[in-house]
Peer 1: 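Below are the structure tokens for one structure; questions will follow.
Since the model is a prediction, treat every value here as computed from it, not as a measurement.
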Amino acid sequence: MASPDKTPDLTLYHHPHSRSPIVRWMLEEVGQPYAIKLMDLAAGDQRKPDFLKLNTMGKIPLLVADGVPIAEGPAICLWLADRFPAKGLAPAPDAPDRGPCLRWLFFSGSVLEPALMDAHHQRESPPAQAGWGDLERVLNTLEEGLAKHGEWLLPRFSAADVMIGSGLRFAMMFGMLEKRKSFTDYVARLEARPALQRTLAKDAALLEAKPA
């Protein structure tokens with residue numbers, strides 16, 4: 001087992017036009033060195049045997065830490081927050097805010113994204129059966145969550161804001177949801193973070209060097 005004091009070797013399988021910029025942003029917040037393995041999605045790199053050995057889902061983001069593959073954005077963000085606790089990006093397991101942090105981390109993929117996809121594709125899942133209910137309830141819940149602490153979903157910025165903020169930012173960018181003031185203000189605060197600015201600049205440089 002690697003020593004917790006040893007900086008792990010981190011490689012992100014990545015493309016700017018995917019969900020992996022969420023994890024790149026989290027890596028920038030953590031501030032540890034990492035390598036990028038740029039995936040050619042048009043060429044099907046994500047379906048090639050070598051990658052499928054790492055993630056049989058054939059999807060990115062995928063973070064390999066000291067040879068161990070970690071898939072799924074919320075899981076990667078939580079792993080990074082816990083692996084580098086000095087950054088304060090997730091409450092400790094015994095902290096009162098740990099439960100709310102986990103709730104919002106997993107709200108992103110299991111509630112917010114499915115509700116947005118339903119609305120975008122003009123389909124309606126039965127609210128009583130779908131785990132996400134309906135989009136209006138989802139957005140109202142997010143508004144209440146943001147109102148509780150003022151700026152962030154927890155008393156301080158956390159990995160939960162990386163996940164939820166990425167989803168809201170993407171959805172508003174592509175007109176997938178109404179631009180409520182609480183959401184636009186929240187995204188503006190996120191976009192002022194140096195780590196997100198570095199992520200956007202580095203991804204723009206990647207695309208310029210190797211167009212998608």
Peer 1: State which residues pass ring-ring contact (aromatic ring centres under 6.0 Å, His included) with Y34; sequence neighbours excluded, sorted by chain then number.
Peer 2: none
Peer 1: In Å, rounded to the nearest 0.5 Å, how long is the span from CD of Q32 to CZ of F84?
Peer 2: 4.0 Å
Peer 1: Could you work out, with ring-ring contact (aromatic ring centres under 6.0 Å, His included) as the rule, every residue matching F157, not counting sequence neighbours?
Peer 2: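 Result, ring-ring contact (aromatic ring centres under 6.0 Å, His included) vs F157: W152.
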Peer 1: Under the criterion side chain to side chain contact (heavy atoms under 4.5 Å, CB included), which of T199, L200, L207 is the partner of P16?
Peer 2: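 Among the candidates, only L207 passes.
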Peer 1: Can you run down the side-chain hydrogen bond (donor to acceptor under 3.5 Å, both in side chains) pairs that involve residues 95-119, sequence neighbours left out, and say none if there aren't any?
Peer 2: R19-E113, D82-R98, D118-R123, D118-S125, D118-W132
Peer 1: Name all residues meeting the side chain to side chain contact (heavy atoms under 4.5 Å, CB included) criterion together with L52; count only those two or more places apart in sequence or in a different chain, and write none if there are none.
Peer 2: none
Peer 1: Of H15, H14, H17, which is the lone residue that meets side-chain hydrogen bond (donor to acceptor under 3.5 Å, both in side chains) with D203?
Peer 2: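 Exactly one candidate clears the test, H14.
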Peer 1: Could you list all the side-chain hydrogen bond (donor to acceptor under 3.5 Å, both in side chains) pairs where at least one residue sits in residues 158-178, not counting sequence neighbours?
Peer 2: D161-Y186, R169-E191, E178-R180
Peer 1: In Å and rounded to the nearest 0.5 Å, what is the CG to CG distance from L63 to L54?
Peer 2: 11.0 Å
Peer 1: If you round to the nearest 0.5 Å, how far is CE of M26 from CG of L196?
Peer 2: 13.0 Å
Peer 1: Any donor-acceptor pair under 3.5 Å linking the side chain of D45 with the backbone of D40?
Peer 2: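 Checking the backbone N and O of D40 against the side chain of D45, a donor-acceptor pair under 3.5 Å is found.
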Peer 1: Does E29 form a salt bridge (Lys or Arg N to Asp or Glu O under 4.0 Å) with R193? I'd like the steps, not just the answer.
Peer 2: CA-CA 9 Å; E29 292 283 356; R193 294 191 66 81; 2.8 Å; yes
Peer 1: Does a side chain donor of either E143 or S182 reach within less than 3.5 Å of an acceptor in the other side chain?
Peer 2: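 Present: a donor and an acceptor within the cut-off.
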Peer 1: Find the distance between CD1 (I22) and CG (L27) and round it off to the nearest 0.5 Å.
Peer 2: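 That separation rounds to 12.0 Å.
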Peer 1: How far does CD of Q46 sit from CE of M57, to the nearest 0.5 angstrom?
Peer 2: 12.0 Å
Peer 1: Quick one: list whatever passes ring-ring contact (aromatic ring centres under 6.0 Å, His included) with F170, sequence neighbours left out.
Peer 2: F174
